[in-house]
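What follows is one structure encoded as structure tokens, with my remarks underneath.
Values reported hereafter were calculated over all heavy atoms of this structure, with side chains retained and with hydrogens, waters and symmetry mates removed.
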2 protein chains.
Amino acid sequence: MVGIRAKQKEKTRRALINAALNQLSPQTTFSSLSLREVAREANIAPTSFYRHFQNMDELGLTLVDEAGLTLRQLLRQSRQRLADGGSVIRISVEIFMDFISQNSSVFRLLLQERSGTSKEFRMAIAREIEHFKSELTDYLHAERDLPEWLAEIQADAMVRIVFSAGADALDLTAAERAAIAEQTIIQLRMIARGSDTMKKEDK
Amino acid sequence: MVGIRAKQKEKTRRALINAALNQLSPQTTFSSLSLREVAREANIAPTSFYRHFQNMDELGLTLVDEAGLTLRQLLRQSRQRLADGGSVIRISVEIFMDFISQNSSVFRLLLQERSGTSKEFRMAIAREIEHFKSELTDYLHAERDLPEWLAEIQADAMVRIVFSAGADALDLTAAERAAIAEQTIIQLRMIARGSDTMKKEDK
DNA sequence: AAATTCAGCGTACAGTTGTTCGCTAAAAGT
DNA sequence: ACTTTTAGCGAACAACTGTACGCTGAATTT
């Protein structure tokens, strides 16, 4: 039996998390967010914050974890749609763009704190991106029959392009986002082509 | 004749600029920098700050301009070394990596404020990167004989890769930086190859 | 039924922030 | 020689920050 007490605690914990997420915007970084602001938005006394997190940093790391979780969902979603057939690259890019427009706050957090002040943050985010990259590497190695070193380099390039394009797409309208998506697709194909010729030469 | 007064003013203005730059580090964002901290570091009363800049934002934009200037120097430097012959890609990447290790503070500023809270900052930085990109586009169009649309997309991809790799390289040792440089070179060649096959198909 | 735990609160404090205002002394202009 | 300009200063302000402390009342345990 989950006590009514524990349930309530979890509830205001979520309130804090959501309060933080809601405040994130093009005009507000997570690191520019104060404990008091977050507590206010969550309808809680500033001092009560400490019942749930030691620090703002701890809250932030929780958010990064959430972001990672969402990214994994993204991957699962891709794999499923891929099974139905279609261009791998197009589907992946479209799903990614959908993700950032639906989870813009979380994605913004990742982008901002990737070059932020906390080493712990940066490392946590690097880990999430690394995970992303290694899944892609495996795919290229297994499905596309690339030697591992090439697969890794190609995956790295692709992830860099996609995240960078995502960053630019973040604050744009749906139409502009679609345009960036198209360009990104071409760029990824460019990379795939180049990688392919390299593979042939290597043999 | 430049009055001794104007000269002194310029001097403390530089002191402010340098104070800001010196404070930037992996642990300190520009936007986390307070007017008073900067004034303190520059050995100036907080209130005197306003004799030189209206805002911290105005100081920041000045720094971005400086960064842009340094980037242009970089481009000129590349062109010169290119005239001496050698791999375009290798030379460009190596010069870029040199740049970020010698101007790490400025580059960090660009990276951080690119996804920061001030629209004006973001736009100023986007402009600098755009400039970079368009130079590369022209080169690819003229020298490599690519159709303009392809040149632009390829340039965009390359700039994304290079800046992203630069961001990762920022806090690494010289050896690690060299490793990233090598990988980046391969990735850029990959893109160039892919772009080439696309050009041939297009004809 | 009594004792314990604990999420949430209000008060309080010291520290930092951006900015206003009026002053000074030296340089520049006349 | 005079007046004007102006870079730099110190004091003062209200606003905000993070956090320590002790209390309360309800949920939980005994």
Side-chain angles (χ1 to χ4, degrees), chain A residues 1-20 22-25 27-63 112-113 116-121, chain B residues 1-25 27-63 109 112-113 116-121:
Chain A
M1 157 192 159
V2 279
I4 126 166
R5 203 171 201 167
K7 196 160 279 183
Q8 173 59 25
K9 181 166 186 182
E10 183 56 25
K11 202 170 145 195
T12 79
R13 188 188 138 99
R14 291 290 338 161
L16 282 171
I17 292 177
N18 289 331
N22 283 339
Q23 310 241 21
L24 293 186
S25 75
Q27 286 78 41
T28 325
T29 324
F30 175 79
S31 53
S32 79
L33 222 56
S34 79
L35 183 154
R36 287 177 109 105
E37 278 176 312
V38 174
R40 210 176 302 138
E41 173 92 4
N43 289 315
I44 263 189
T47 50
S48 300
F49 179 95
Y50 297 102
R51 301 287 183 200
H52 304 272
F53 303 98
Q54 274 202 333
N55 273 324
M56 278 294 286
D57 272 24
E58 203 177 301
L59 208 199
L61 288 173
T62 306
L63 292 186
Q112 290 170 340
E113 300 309 317
T117 55
S118 155
K119 183 157 195 168
E120 213 174 345
F121 269 56
Chain B
M1 157 189 162
V2 277
I4 126 167
R5 202 169 202 166
K7 196 160 280 183
Q8 173 58 25
K9 181 164 186 183
E10 184 56 24
K11 201 170 143 195
T12 78
R13 189 188 137 99
R14 291 287 341 159
L16 282 170
I17 291 176
N18 289 330
L21 276 181
N22 283 338
Q23 311 242 20
L24 293 185
S25 77
Q27 286 77 40
T28 325
T29 325
F30 175 80
S31 53
S32 80
L33 221 57
S34 79
L35 183 153
R36 286 177 110 106
E37 278 175 311
V38 174
R40 211 176 299 137
E41 172 93 4
N43 288 315
I44 264 189
T47 49
S48 301
F49 179 95
Y50 296 103
R51 301 287 183 200
H52 303 272
F53 303 98
Q54 273 203 334
N55 273 323
M56 279 294 286
D57 272 24
E58 202 178 301
L59 208 199
L61 288 173
T62 305
L63 293 184
L109 172 77
Q112 289 169 341
E113 299 308 318
T117 54
S118 154
K119 183 158 197 168
E120 213 174 346
F121 268 56

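- Within 6.0 Å of atom CD in B/Glu120, 12 or fewer heavy atoms from other residues, nucleotides or ligands are found, so the atom counts as exposed in its surroundings.
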Identify all pairs in which a protein N or O lies below 3.5 Å from an N or O of nucleotides 1-5 of chain C, and state each distance.
residue : atom : partner : partner atom : Å
C/dT5   : O2   : A/Arg5  : NH1          : 3.1
C/dT5   : O2   : A/Arg5  : NH2          : 3.0

### Message
Please evaluate residues B/Arg13 and B/Thr62 with respect to the criterion side chain to side chain contact (heavy atoms under 4.5 Å, CB included), reporting the C-alpha separation (whole Å), side-chain torsions for both, the decisive distance (0.1 Å), and the verdict.
### Response
CA-CA 11 Å; B/Arg13 189 188 137 99; B/Thr62 305; 3.7 Å; yes

### Message
Let's go through A/Arg40 and A/Arg36 carefully: what are the C-alpha distance in whole Å and the side-chain angles of both, what is the deciding distance for side chain to side chain contact (heavy atoms under 4.5 Å, CB included) to 0.1 Å, and is it a yes or a no?
### Response
CA-CA 6 Å; A/Arg40 210 176 302 138; A/Arg36 287 177 109 105; 4.0 Å; yes

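- Remark: C1' of D/dT5 and NZ of B/Lys9 are 11 Å apart, rounded to the nearest angstrom.
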Which side-chain N or O atoms in residues 16-25 of chain B pair as donor and acceptor under 3.5 Å with protein atoms at least two apart or in another chain?
residue : atom : partner : partner atom : Å
B/Asn18 : ND2  : B/Arg14 : O            : 3.3
B/Asn22 : ND2  : B/Asn18 : O            : 3.3
B/Gln23 : NE2  : B/Glu37 : O            : 3.3
B/Ser25 : OG   : B/Gln27 : N            : 3.0
B/Ser25 : OG   : B/Thr28 : N            : 3.3
B/Ser25 : OG   : B/Thr28 : OG1          : 3.2

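- For the pair A/Ile4 CD1 and C/dC6 C1', the interatomic distance rounds to 14 Å; values are reported in whole Å.
- To the nearest 0.5 Å, atoms CD1 (B/Ile4) and NZ (B/Lys11) are separated by 10.0 Å.
- A donor-acceptor contact under 3.5 angstrom links the side-chain atoms of A/Thr47 to the base of C/dG10.
- The OG atom of A/Ser32 sits 8.0 Å away from atom CD of A/Gln112, with the distance rounded to the nearest 0.5 Å.
- Not one side-chain nitrogen or oxygen of B/Gln8 sits closer than 4.0 Å to the OP1 or OP2 atom of D/dT6.
- For DNA chain D, the residues of residues 28-37 of chain A within the heavy-atom distance limit of 4.0 Å (strictly under) are A/Ser34, A/Leu35, A/Arg36, A/Glu37, sorted by number.
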Atom pairs and distances, donor-acceptor, side-chain atoms in residues 45-58 of chain A, under 3.5 Å, two or more places apart:
residue : atom : partner : partner atom : Å
A/His52 : NE2  : A/Thr12 : OG1          : 3.0
A/Glu58 : OE1  : A/Gln54 : N            : 3.4

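- Computed from C1' positions of five pairs at each end, the angle between the two local axes of the helix from C/dA1-D/dT30 to C/dT30-D/dA1 equals 20°, rounded to 10 degrees.
- Rounded to an integer number of Å, the gap from CD1 of B/Ile44 to C1' of C/dG18 is 17 Å.
- Non-hydrogen atoms lying under 4.0 Å from DNA chain D are contributed by B/Ser48, B/Arg51, B/His52, all within residues 48-61 of chain B.
- Residue B/Arg13 contributes atom CZ, which lies 12 Å from atom P of D/dG8 at whole-angstrom precision.
- A/Arg40 comes within contact range of the sugar-phosphate backbone alone, with a heavy-atom separation under 4.0 Å but no base atom that close.
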